[in-house]
Amino acid sequence: MSVSIRLRREGSLNNPYYKVVVADQRSPRDGKFIELVGNYDPKKTGENANVDLSRIDYWIKNGAQPSDTVRSIIKKARKKETAAA
């Protein structure tokens with residue numbers, strides 16, 4: 001089973017927000033997922049994503065592939081974490 005870390009769309013028309021989920025690549029975009037690891041709100045300015053980096057690291061270590069958008073969200077979260085420390 002190949003696993004990916006990707007976005008799951010939620011919200012209403014013209015007001016989307018996304019949940020960052022770990023899912024089987026064969027499942028549909030908004031279908032069944034394994035674990036919820038964060039959220040992302042593209043309409044919000046400033047800090048618009050919250051992710052659990054420890055769980056993301058666990059899944060990447062075990063072979064999960066993040067999508068391009070999730071990869072950039074993770075990169076920004078790591079940058080924010082190192083700036084805060």
Side-chain angles (χ1 to χ4, degrees):
M1 173 171 76
S2 55
V3 176
S4 66
I5 303 171
R6 62 183 183 203
L7 298 176
R8 172 190 172 103
R9 188 184 194 281
E10 297 194 359
S12 59
L13 187 65
N14 296 324
N15 191 23
Y17 66 91
Y18 298 89
K19 300 223 172 155
V20 182
V21 297
V22 178
D24 185 355
Q25 284 184 333
R26 297 171 293 182
S27 66
R29 178 192 73 180
D30 298 335
K32 189 168 68 170
F33 61 91
I34 300 168
E35 183 179 355
L36 176 68
V37 291
N39 57 34
Y40 168 63
D41 187 356
K43 296 261 186 171
K44 189 175 171 186
T45 58
E47 187 179 323
N48 58 0
N50 296 321
V51 292
D52 185 357
L53 291 175
S54 63
R55 292 305 295 165
I56 287 175
D57 290 339
Y58 167 80
W59 282 106
I60 290 175
K61 187 180 89 174
N62 286 310
Q65 297 294 316
S67 68
D68 294 337
T69 307
V70 171
R71 192 174 293 119
S72 70
I73 291 170
I74 293 169
K75 186 178 177 182
K76 288 176 187 175
R78 288 194 198 283
K79 194 175 197 181
K80 182 183 74 168
E81 184 181 74
T82 57

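Note: hydrogens, waters and symmetry copies are ignored here, and every other heavy atom, side chains too, is used.
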Spacing of [X] atom [atom1] and [Y] atom [atom2] [to the nearest 0.5 Å]:
X     : Y     : atom1 : atom2 : result
Arg71 : Gln65 : CZ    : CD    : 7.0 Å
Ile73 : Asn48 : CD1   : CG    : 7.5 Å
Thr69 : Tyr40 : OG1   : OH    : 7.5 Å

Are any side-chain N or O atoms of [X] and backbone N or O atoms of [Y], one a donor and one an acceptor, separated by less than 3.5 Å?
X     : Y     : value
Arg8  : Lys19 : no
Asp41 : Tyr17 : no
Ser2  : Gln25 : no
Lys43 : Asn14 : yes

Quick check on the hydrophobic clustering: are [X] and [Y] connected, directly or via other members, by side-chain heavy-atom contacts under 4.5 Å?
X     : Y     : result
Phe33 : Trp59 : no
Val3  : Val21 : no
Ile5  : Leu53 : yes
Val22 : Tyr58 : yes

Do you know the tightest heavy-atom contact between [X] and [Y]?
X     : Y     : value
Val37 : Ile56 : CG2-CG1, 4.0 Å
Pro66 : Ile74 : CB-CD1, 4.3 Å
Pro16 : Pro42 : O-CD, 3.8 Å
Arg6  : Pro28 : NH2-O, 3.2 Å

Is the shortest heavy-atom distance from the side chain of Thr82 to the side chain of Arg78 under 4.5 Å?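 Not touching, per the 4.5 Å side-chain cut-off.
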Side chains of Val20 and Leu7: closer than 4.5 Å at any heavy-atom pair? yes
